[in-house]
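Following: one structure in structure tokens, then a few remarks.
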Amino acid sequence: MIKIRNVKIQGFRAFGKVEQTLDFNSLIACVWGPNSQGKTSLAEAIEFLITGQIVRRELMSSTQDEFTDALRNVHMPKNLPVYVEVTLIGTAGPRVVRRSLTTDYGKKQDCQTVLQLDGNPATETDLTVLGIVLSQPPLRASVLAQHTLGYLFSAKPQERASYFKALLEVADLDTLRTSVAGLEQTLPFIESPLFLKLAIAAEIPAAANLKALSVKVPARAVLDKALSAAITAVMKAEGQAVSGTLAEQADALALYLAGKRTETFPVNGFDKKAFPVWSPAIGEQLASLTHFLTERGKVDQQTRQLAALFVEALTLPSVAGIADPIDCPLCAAQAALTPERVALIREHVADNASFSDSEKAATKAVQQLHDVVRAAQKQLFSALPQFMVYTSAERRQRGFRINRIYSLLGDAHAASIGVWLKELKHLVRIYKTVSRPAGQLVAELSAMQDDLEKLDDIAALADRCHEAIRLSGQFHQAMTSYLPFESTVVDALNAVIDAQSQTKGWQELIDIAKDPAGLRSGLVEAAALAQVRKDLTQALRQIDGGNEKVAEEKFTALSDGVATWWDLLRPDEPSFFSALRPRAGARRTIDFKAGLSAHEDRSNPSLRDVIAVFSQSQLHCLGLALFLARAVHEKTGFIVLDDPILSSDEGYRTHFNTAVLEKLLDDGMQVILLTQDQKTCKDVTELYLHRQIDTFQINLDSPADGTTVINKADDLAAMIDRASVLVRGGHPDLHRQCGEGLRNAAERLCKEILVKSQRAKGNKTVTISSYDHKVLGELGPMVEPLLTSDPSHPGKLRVMASNLNPAKHDDAFPAVDTLKVALGNLKMFKKTYL
Amino acid sequence: MPDESTPENNVDRLLTHLKPESLAARIVVAYAGAAGEGRKTAIEKIVRDRLAEIAGDYDKDP
């Protein structure tokens, strides 16, 4: 745990322009000063260093404006800084922390400060890293003053609960609980529409057996059987028989339902086939046609017409084996057919053969393109709702009238019908945009099939094909947008029709019967969600129970701590602190319970709230016990206590000075005790002399100069007094301490003699600190010439210095008689030369 | 001074009051094993796993 090695204060509240220092060499320090000399300023200085605030402003000021300019000493020159600095000893060695006041409290404005660690800018986090414990607000520092003792009793119950929960560090469990409580919100909704359809189907009077399916997830065979039984019962109620597989039964019911519905409205007019995305691969066909055009360019029309004649001519032996010109076998022209002309004819025949091949491929390609576009054209048409295909006369005859739809659905759906019709118009417009060029393309390809000579511009044909593909994509997109609007109207229509024809729930029964596997998945999903919800509720209950137990355990530990300090402060009282605990059934209320017993042994106590039954003195002690328990619980390392015992509580002062302080020190806690009671200071000083207690006196002689600190341990008379007490003790440790004390006193004596001598010679600037770092071995020879009252004095000083030297070592210390002689000589030197 | 078996933090203390392998314990362990925003994700995964576990049990039934 961290400890304070020293405190330096300048300009803070009662402290003035000259920096005041308190060095702490022991675990315990006592600072004495009469009232209004600066004790509370010292306590608040340490609080200010730790928190950057003083809590008194928050707790005591009715309007915080009252603390305007309260931190800076009013007499401080404006150019001097106000700061509090401490040297801390922790695991990382000595570290110097300074907090400087940059802006004082103002009206409705907090003070501003600058924090430094070892001279470098620092943050509050750096303090925590150092080991300084910041407790829960508002009492964040381990500094106890009169005005903070009663805070927890006066705080509202909820503030008290929040404070203790934070103090016991169980707020993280509340955060965990909130996270777990929010888990149910993250569960998915039931996505299966079949599960929802089951609930509707189960409302059919004849299919009531379906209700059992939602209660417990059935095996697949059981599910199928239940669905079959439901369909059979529905059909039977209509006087219809049904047989076959479940799917066949569902089809039979669907057919029957369609007939029933049509009696009310031809809702099948909305039937249509799906229009898939159309993106045929036509690259190969277009390549064939391109090749065909190339080959056709090589062979002219006349050659193509004569090709068969040429082939026949070349089979003639005289032509096939021509070496010299011969008469033409066709026109009989003499010597007209030369070997060169025969070779040319052979070339024409070969070119014509390639052309013929490409022509066949092109014919096939045109056929394929035609078929593809034609099929798409048909799909496009089939994708339209049937009522759009009907003629007006057919629509009238079937009863598919828009007015009828409005009439059936009523005003509630008028808007939906309006939107559907608007989307329908858009769909029709897109359909026309696509169907017209598609039809033209089919016609063009059909003409090419009849006469390939009509093919002359491949690029234009490819453009038309690609445009048809692009437009079909537009139609697909338009249809995708249209369908939800149509579904809204169709679903509403079906609901009305089913209600009128008493077939409500039939469609849902058909749907679930056609997909029993999907229905079972939906049932599993719903059952799993319900089970998880139940599990989460149970888990949250278990976590709540666990959290309460953790809080109880920690409360019990803190409560035990408070009780321990209470018993040290007020032992053997029949009214006593009993427990600090959360109120049963009210998690936000913390109770302090007092035990009231009629017996000295505290037997059979009745429990009451402390606020109601404790005296002011008892409440005061409870506040102190709570503060001490908190400091120990949080391992603050040090505590500052500003007159922790009321002046009227003389009886408990002894318990505090002895049992409480002793236990704190035994627990390793550094205690800085501030008191205005001189007797307390004297008692504590003597009680903890063996712990080398540091003692200070603070005075406020001049408001302009501010509070000054005197280290009483440095005072020669005090040193001699302490040594006088220690030398009387019987324990060797006391003798060692006495030896050290006498040595320090001898050094102090020498310094004071030297200062007196120098000042007598007119050197007014010399002070005790002028001889800092000089040890007794160096000071003795300097003083000896000044010991002129008796020739034996220099020798006595030399012997005393020699005898006290071993006192610095752990393994040897002067004999008691030697110490007594040295003590006597010190008193004599002081009396003679000072 | 706490002995070796004394839990060092509140979550560990809480776990000593929960039935091992219960959903509550699994959620708390997941919460403790993550940090910051990751905690929400971690405990939601436990719930999703539980959902799948229950659904899987039903699927064993043909």
Side-chain angles (χ1 to χ4, degrees), chain A residues 165 168-188 216-224 517 520-554 557 635 667, chain B:
Chain A
K165 278 192 172 182
L168 294 172
E169 296 161 349
V170 290
D172 58 338
L173 294 184
D174 281 348
T175 308
L176 183 153
R177 196 229 179 245
T178 304
S179 298
V180 177
L183 276 175
E184 195 179 335
Q185 306 282 335
T186 68
L187 288 176
K216 185 184 173 191
V217 179
R220 175 60 194 278
V222 175
L223 178 66
D224 285 8
R520 190 168 186 281
S521 293
L523 287 169
V524 166
E525 181 192 348
L529 278 169
Q531 182 62 49
V532 165
R533 282 202 172 84
K534 219 182 275 182
D535 290 354
L536 277 176
T537 303
Q538 190 183 17
L540 192 58
R541 203 179 301 128
Q542 289 168 353
I543 287 170
D544 279 343
N547 283 354
E548 281 182 19
K549 283 177 183 164
V550 171
E552 276 171 23
E553 287 166 3
K554 298 186 88 173
K635 300 183 174 66
D667 289 349
Chain B
M1 289 294 287
D3 60 35
E4 285 181 7
S5 62
T6 304
E8 287 189 1
N9 60 55
N10 289 337
V11 173
D12 287 344
R13 285 191 184 95
L14 172 61
L15 279 171
T16 65
H17 298 294
L18 300 177
K19 192 175 168 189
E21 294 307 310
S22 65
L23 180 62
R26 280 153 61 189
I27 290 171
V28 173
V29 167
Y31 183 90
E37 289 298 307
R39 285 181 161 162
K40 186 170 182 288
T41 311
I43 62 176
E44 284 177 7
K45 182 177 183 303
I46 297 297
V47 176
R48 282 200 306 278
D49 289 350
R50 176 67 183 142
L51 207 52
E53 184 186 350
I54 297 169
D57 288 345
Y58 282 115
D59 287 341
K60 287 174 193 164
D61 182 9

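So you know, we letter chains A, B, ... as the sequences are listed, proteins then strands, and number each from 1.
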Most contacts with chain B, counted as non-hydrogen pairs under 4.5 angstrom, among A:Leu187, A:Thr186, A:Leu183: A:Leu183
Side chain, backbone, both or neither of B:Leu51 within contact of chain A (heavy atoms, under 4.5 Å): both
Contacting region of A:Leu540 [heavy-atom separation from chain B under 4.5 Å]: neither
For chain B, the option from A:Arg541, A:Gln538, A:Lys549 that forms the most heavy-atom pairs under 4.5 Å: A:Lys549
Which atoms of A:Thr178 approach chain B - backbone, side chain, both or neither, heavy atom under 4.5 Å: neither
Closest non-hydrogen atom pair between B:Leu14 and A:Ile543, with its separation: CD1-O, 3.9 Å
Portion of A:Glu525 that has a non-hydrogen atom of chain B nearer than 4.5 angstrom: neither
Close side-chain approach of A:Asp172 and B:Tyr31, heavy atoms under 4.5 Å: no
side-chain hydrogen bond (donor to acceptor under 3.5 Å, both in side chains), paired with B:His17, selected from A:Gln542, A:Glu548, A:Glu553: A:Glu553
pair B:Leu23-A:Val532: side-chain heavy atoms closer than 4.5 Å: no
Any side-chain heavy-atom pair of B:Asn10 and A:Leu176 under 4.5 Å: no
Nearest non-hydrogen partners of A:Ala528 and B:Ala55, listed with the distance: CB-N, 4.2 Å
Contact class of B:Ile43 relative to chain A, heavy atoms under 4.5 angstrom: both
Over all atoms of both residues, closest heavy-atom pair of A:Val524 and B:Tyr58: CG2-CB, 3.7 Å
